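Just follow the structure's listing: the first ligand is 1, and inside any ligand the first atom is 1. Numbering starts at 1 and runs along the sequence shown. No hydrogens, no waters, no symmetry mates; every other heavy atom, side chains included, goes into these values. Treat the numbers as computed from the prediction; the structure is a model and nothing was measured.
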Amino acid sequence: MPSLLRIGVFAAVLPWLLWHGDLRLTILGLLGVLFLSRTLRLSEPPWLQARDVRQDLARPPPAPYDPAPLLNREAGWLLGLAEGRPCYLPGPLPHLQVVGGSGCGKSAALGVWAAQALAMGEGVLYFDPKDDLWAASALADAAARMGCRFQMLDLRPQAPAQFNLIADCDRHSLYDLLIHGLDLLESGSDADFYRLADRQGARLLADAWRPGDTLATLAARSLASLRRKAPALCLRLQEIAEIAAAQGRQGPRIAELLQPGSACYVLGSTRLDTVRRLQRMLLLRLIQCAETRARPVAQPCCVILDEFRYHLCRGSLDALSTIRDRGIHLILAHQSLGDLAAGPADLDARAVAAAVHENCALKLVFRLQDPDTAEWMARKSGQVTQVRRHGQAWPGSMPYLDKVSEATGPWINASTLLHLAPRMAVLYGHGQARELAQSAWRCVRRPLSAEAVDDSRLQPDFAHLELRP
Ligand SMILES: Nc1ncnc2c1ncn2[C@@H]1O[C@H](COP(=O)(O)OP(=O)(O)OP(=O)(O)O)[C@@H](O)[C@H]1O
Ligand SMILES: [Mg+2]
């Protein structure tokens, strides 16, 4: 018998039972009504649906929106839209990790973060090894709107001289830069023995440094005497010295790029090994400059590392845990956990992943392509108890609750992360993980180029030296 009918029957006979004074039956009747009404209670707290992939795929993507009018320095950092309303993070921004499969909108979101950092009065350095279609235009547009100075550093071999990587170095910082940048660090393997001569060569080079030197002039003056003893050092340094971009006699000072109101876009390469090395050396030089700033730093600087796998080195990894104190917060983007294992051979992949996960308190996860990354992120979203209610129904009657079971599972499951709609991302690290709509920085795409300065390799005395452009 449908339970609604049963309740009706019980409720109808109760007054009759009471009238006849049968107390035991009356109490039994009351208990029966209570029990049955409990099974039908419609005010049960909402329970969590076990989502399946069809529900995930059926969700429409959020509408694109213009983030510019939503930026609000007082409210904090715009994290995205939750049900159409902007969601802000007050206070300083911790290191942020942006993860998602190719084409899901990471670089688009980075453009908005860069614009926000400028709006907050910070300097921005945007490292792009991939030559993104929109990134430079978005940063240039944001800089123009916020009244900041935009400059581009193009590290590719065909670009002209633009800056001097080792301007303002001293012998200690130059030695450190050479050891880290030219991969001469001790790795704990037999290869360390063969690196000793190269390290010794780096020491001699650092001693030979004179104010005004570029890597090219330093190498040209000093390499002849080192070539036999330290071949690896000489070859790598010569390769770097042949890239004009970092051999400028003038150009922006690296420390200036950290200043508020500066927006610098660094264009590198994902493929050319020497350009990747120069990219890492520039990042290391920035870290060195940040380390010499007086603390506490009045205004932080935002360093964005798109395609993080190409920036992986011991220096950038150490920076993750130390650089926040020096007024730099990092935003790094990559596609999957596998990218964190793609660093140089002397980096332990698990240690890299641990350092990134530990230090990036905030994570923004777009639609993932890699199930392992999705499983990891699902576990990270935390466990919830899912209450499953099992119902029954007779033909033509209302369903009624038959039994309740409980199961624990992730708050956001892996399938959801693998099927997020375009422009939708899950934010971790600000309360409970939740989905927020993201958008791109609206701008017009335009060609941008780096500003050329004098090439130190073209100065008259360089012609007598060993390296020529
Ligand atoms: N500022 C922008 N304005 C308009 N569209 C943009 C902007 N930035 C990116 N897009 C578009 O957004 C889409 C997502 O691209 P995006 O480059 O952000 O993906 P991605 O996650 O960085 O991919 P990949 O890992 O391959 O670099 C692309 O269609 C791109 O053309
Ligand atoms: Mg990208």
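- Closest to atom 1 (N) of ligand 1 among all protein heavy atoms lies Trp441 O, 2.9 Å.
- For a threshold of 3.5 Å applied to N or O pairs, the pair formed by Gly100 and ligand 1 contains no separation below that value.
- Heavy-atom proximity to atom 16 (P) of ligand 1, evaluated over Gly105, Ala109, Ser137, Ala138, is greatest for Gly105.
- Counting the atoms of ligand 1 from 1 in the order shown, those under 4.0 Å from a heavy atom of Glu307 are 25 (O), 27 (O).
- The single protein non-hydrogen atom nearest to atom 25 (O) of ligand 1 is Lys106 NZ, 2.6 Å, given as residue, atom name and distance.
- Nearest heavy-atom pair across Pro252 and Gln162 is CD-O, 3.4 Å.
- Side chain to side chain, Gln288 and Arg285 meet the donor-acceptor criterion of an N or O pair below 3.5 Å.
- Listed by atom number, the atoms of ligand 1 under 4.0 Å from Asp132 heavy atoms are 17 (O).
- Side-chain contact between Leu332 and His311 is absent, with no heavy-atom pair separated by less than 4.5 Å.
- At a heavy-atom cutoff of 4.0 Å, ligand 1 is contacted by the side chain of Ala440 but not by its backbone.
- Where the criterion is an N or O separation shorter than 3.5 Å, residue side chain and backbone included, Cys104 meets it with respect to ligand 1.
- Remark: Glu435 engages Arg59 in a salt bridge, criterion side-chain N to carboxylate O under 4.0 Å.
- In this structure, Phe308 and His334 have tilted ring planes: the angle between them lies in the 30° to 60° band.
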* Given side-chain contact (heavy atoms from CB on, under 4.5 Å), test Ser269 with Lys130 step by step and report yes or no. => CA-CA 6 Å; Ser269 169; Lys130 202 170 138 184; over 6 Å; no
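- Close to ligand 1: Gly101, with a non-hydrogen atom less than 4.0 angstrom away.
- Gly111 does not count as a contact of ligand 1, since none of its heavy atoms falls under 4.0 Å from the ligand.
- Checked for salt-bridge contact, Asp131 and Arg156 meet the test: a charged N lies under 4.0 Å from a carboxylate O.
- Residue-to-ligand polar distances keep Leu133 apart from ligand 1: every N/O pair is separated by 3.5 Å or more.
- Compare Gln369, Lys130, Arg445 by their heavy atoms: the one nearest to atom 27 (O) of ligand 1 is in Lys130.
- The nearest protein atom to atom 23 (O) of ligand 1, hydrogens excluded, is given as Gly103 N, 2.7 Å; this is a heavy-atom distance.
- Note on Ser107: counted as a metal contact of the Mg ion (ligand 2), an N/O/S atom lying under 2.8 Å.
- Taking the six-membered ring where tryptophan is involved, the planes of Trp77 and His329 are perpendicular, since the angle between them exceeds 60° and thus also 30°.
- Gln238 and Arg227 are linked by a side-chain donor-acceptor pair at a separation below 3.5 angstrom, with hydrogens and angles left out of the test.
- Among protein heavy atoms, the minimum distance from atom 18 (O) of ligand 1 is reached at Ala108 N, 2.9 Å.
- Taking atom 31 (O) of ligand 1 as the reference point, the nearest protein heavy-atom neighbour is Trp134 NE1, 3.3 Å.
- For atom 29 (O) of ligand 1, the nearest protein heavy atom lies 4.0 Å away or farther.
- Judged by a 6.0 Å distance limit and a 45° cone about the ring axis, Arg253 is not positioned over the six-membered ring of Phe163.
- Side-chain atoms of Ser173 and Asp176 form no donor-acceptor pair, as typed in the model, at a separation below 3.5 Å.
- Protein heavy atom in closest approach to atom 22 (O) of ligand 1: Ser107 OG, 2.8 Å.
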